[in-house]
Structure formats: structure tokens, C-alpha cells
Amino acid sequence: GDALAVSARVAPLGSRLVLLLVEDLTEARRIEAVRRDFVANVSHELKTPVGALSLLSEAVMDASDDPEAVQRFAGRMQIEATRLTNLVQELIDLSRVQNDDPLEDAEPVRVDELVAEAIDRCRHQAGQKQITMAAGGTADLHVWGNRGQLAAALGNLVENAVNYSPARTRVGIAARHVAGPGGDVIELAVTDQGIGISDKDKERIFERFYRVDPARSRATGGTGLGLAIVKHVAASHGGEVTVWSAEGQGSTFTLRLPEAGAARDRAQQHPDLD
Ligand code: ADP
């Protein structure tokens, strides 16, 4: 359609330019499609709890002479309201990590503090499932980046490890310093003994709103946005997140981030890159 029209108009300028313009159009269309999908997904995800709340409030009114039923409906309203709050909070987190340049207020961040914070965030839920959490190798390590974003990323990984594991299993967080040609990195590996992820799903779990089992994810208060946030934080810090998993055995998510000393030295050597 418009790609052809454009190529006819610019043909005299040479075929390479035409190719570039057509590629640009294709990319612009792809971005537009992704944006439309995202808005459709958000609308759907918001409609589900709002619809449930509306039905439940009607049920409460109809059951006004049955206190037990009122209690039951009110309890379910609370669950739906929590779901809605989680979703809105994660949407805010996602837009924040996408819009803020994390390196603007980057600083050396202690790994032991990040790990302690992530464990704290899941302590209640892990306790309910009698899941043991253990961390190792975190002493004296520092990563370079935005403290809030890094805490959100690691917190999401640990939260998932707890969510997708059966009772009485173990979640481990192992940290280590790895020297590399592209600069030193800190590796943070979160390992669980949970349900695992198939090869087919591994490719998609980092997409916004993708869930292997939507019902299970919703039951644990999941929004499908957590890993998209983790991936974005890793990339914008010059790091990466990868997954190893075996179905029925467990998963390891590894977050690689620039080591603080190395990152600071680089910034000092090339102040214009700061
Ligand atoms: P959610 O809010 O659903 O947890 P995420 O983006 O954090 O969303 O994760 C996307 C999906 O990846 C989850 O719904 C789940 O199916 C899968 N997943 C994430 N972490 C794990 C894990 N540690 N073990 C098994 N499956 C996982």
C-alpha cells in the first residue's frame, strides 16, 4: 500500500534510499502495532478486576440480609482490589523504567543490601509456603546503577521464584564477581526448585503480559509485567537477564550488571560518555 506509493515517488533517488524508507515504514508500523497491542492488553487486564468488582458489589447489595454471604463477597472484593492495585503499580514501574535514564543518578549499590531487600519483600509469602531463602557470595560486591530500579528487578526475580515453587522448597540467590573483556560484571543468580519453564515459553516470558498459565499467575497476584521490567532494567544498565530452566525441576534467572568500580573507572576515562 503506502510502501509502494512511497517507492514510486522516491524511485529517482536510488534504490538504496527507497529500501531505507520502506524499512523505516515497516519499523514504524511494527512499533504502532506493538503500542496498539499494549493498550488492548492493558484495557483487558483492567476490565477483568473492575468487572468482577462491579458484579460483587451488586451481589453484596442483593445479599444484605445474609451477613455470611456479605462477608464472603467482601473478601473477594478485597482480592480484586488488590489485583487492581498491583497492576496499576506495575504499570507505573514499567513506564518509569522505560522513561527514566537509570544512569542519570547511578551510584555504587551494595549487592548485600539489594539481596536483603528482595528477600524481605517475599518473606511473608515464602513463610506461608515454608520456602527457605538463602543468599551467598554477596559480601563486598557493588553494582553500578539506579538503586530503585535494581531493587525492583531483583525483587521481581525472587518474587517469581517463590510464586512458581511448591511448598517446602528452596530459593537461592548467588552473587559473584566475573572479570570480562567488556568490563567486570556482577552476576546475580536466582535459583528455584519450582515448576520450570518449557523451551517454547522461555522465548516469550520477557514480553509484557505474557504468562505461561494466566490463571495461576492471577491467583498469585501476578500481572505478567514483572519480567518485562527486569529485562528493561538490565538492558538500560548495560547488562542482561537470561534464564535456564528444566520443566518440573526448577529455574535459574541470571542478572548480569556492570561492577561499580569498573563502571566508574570507565566513566572517568571517557567523561563525555557519562
Ligand atoms: P507474572 O506477574 O505472571 O509473574 P512475569 O512477567 O514476572 O509475570 O512472568 C511471566 C511468566 O513467566 C509467569 O506468568 C510465569 O508463567 C513464568 N515464570 C516467571 N518466573 C518463573 C519461575 N521462576 N518459574 C516458573 N515460571 C516462571
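All values reported here derive from a predicted model rather than from experimental measurement. Both counts, for ligands and for their atoms, begin at 1 and track the order of listing.
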### Message
If the contact criterion is a heavy-atom separation under 4.0 Å, does Asn163 count as touching ligand 1?
### Response
no
#### Entry: Under 3.5 Å: donor-acceptor pair, side chain of Lys231, backbone of Val241
no
### Task
Give the residue and atom name of whichever protein heavy atom lies nearest to atom 13 (C) of ligand 1, and the separation in Å to one decimal.
Tyr164 OH, 3.4 Å
### Query
Charged N to carboxylate O below 4.0 Å: is that the case for Lys202 and Glu207?
no
### Query
In the protein, what heavy atom is nearest to atom 26 (N) of ligand 1, and what distance, to one decimal place, separates them?
Ile197 CG1, 3.4 Å
### Query
Taking Arg121 as the fixed residue, which of Val158, Leu154, Asn156 is the one that meets the side-chain contact (heavy atoms from CB on, under 4.5 Å) rule?
Asn156
### Message
I'd like to know if the side chain of Gln125 pairs up with that of Asn163 as donor and acceptor (distance under 3.5 Å, no hydrogens or angles considered).
### Response
yes
### Query
What residue and atom, counting heavy atoms only, is the protein's closest point to atom 3 (O) of ligand 1, and at what distance?
Ser217 OG, 2.5 Å
#### Entry: side chain to side chain donor-acceptor pair (under 3.5 Å) evaluation trace for Glu90 with Thr223
CA-CA 8 Å; Glu90 292 240 290; Thr223 60; 2.5 Å; yes
### Query
Ion pair present between Arg204 and Asp201, side-chain N to carboxylate O less than 4.0 angstrom?
no
#### Entry: Close-contact set for ligand 1 against Ser251 heavy atoms, below 4.0 Å
24 (N)
### Task
Answer with yes or no whether Gly194 contacts ligand 1, where contact means a heavy atom under 4.0 Å from a ligand atom.
no
### Query
Would you say Gly224 and ligand 1 have an N/O pair spaced under 3.5 Å apart?
yes
### Top protein contact for atom 9 (O) of ligand 1, by heavy-atom distance
Leu227 CD1, 3.6 Å
#### Entry: Lys/Arg cation over aromatic Tyr164: Arg216, 6.0 Å, 45° cone
no
### Message
Quick test of your reading: applying side-chain hydrogen bond (donor to acceptor under 3.5 Å, both in side chains), list the pairs with at least one residue in residues 185-194, sequence neighbours left out, ordered by first then second residue.
### Response
Arg176-Glu187, Glu187-Arg256, Thr191-Thr252
#### Entry: Within-cut-off N or O pair, Ala228 and ligand 1, under 3.5 Å
no
### Of Arg35, Arg30, Arg29, the residue whose pairing with Glu32 passes salt bridge (Lys or Arg N to Asp or Glu O under 4.0 Å)
Arg35
### Numbered atoms of ligand 1 (with element) below 4.0 Å of Gly226, judged on heavy atoms
5 (P), 6 (O), 7 (O)
### Message
Quick test: of every protein heavy atom, which one is nearest to atom 12 (O) of ligand 1, and how far off is it to 0.1 Å?
### Response
Ile205 CG2, 3.2 Å
#### Entry: Heavy atom of the protein closest to atom 7 (O) of ligand 1 (residue, atom name, distance)
Asn160 ND2, 2.8 Å
### Residue Gly196 vicinity, atoms of ligand 1 by number, heavy atom under 4.0 Å
25 (C)
### Contact (N/O only, under 3.5 Å) between Tyr210 and ligand 1
no
### Task
Would you give the length of the straight line joining atom CD of Glu113 to atom OG1 of Thr138, rounded to the nearest 0.5 angstrom?
10.5 Å
### Query
If you measure from each heavy atom of Phe253 to ligand 1, is any distance below 4.0 Å?
yes
### Summary
re atom 23 (N) of ligand 1, the protein heavy-atom contact at minimum distance is Asp192 OD2, 2.8 Å
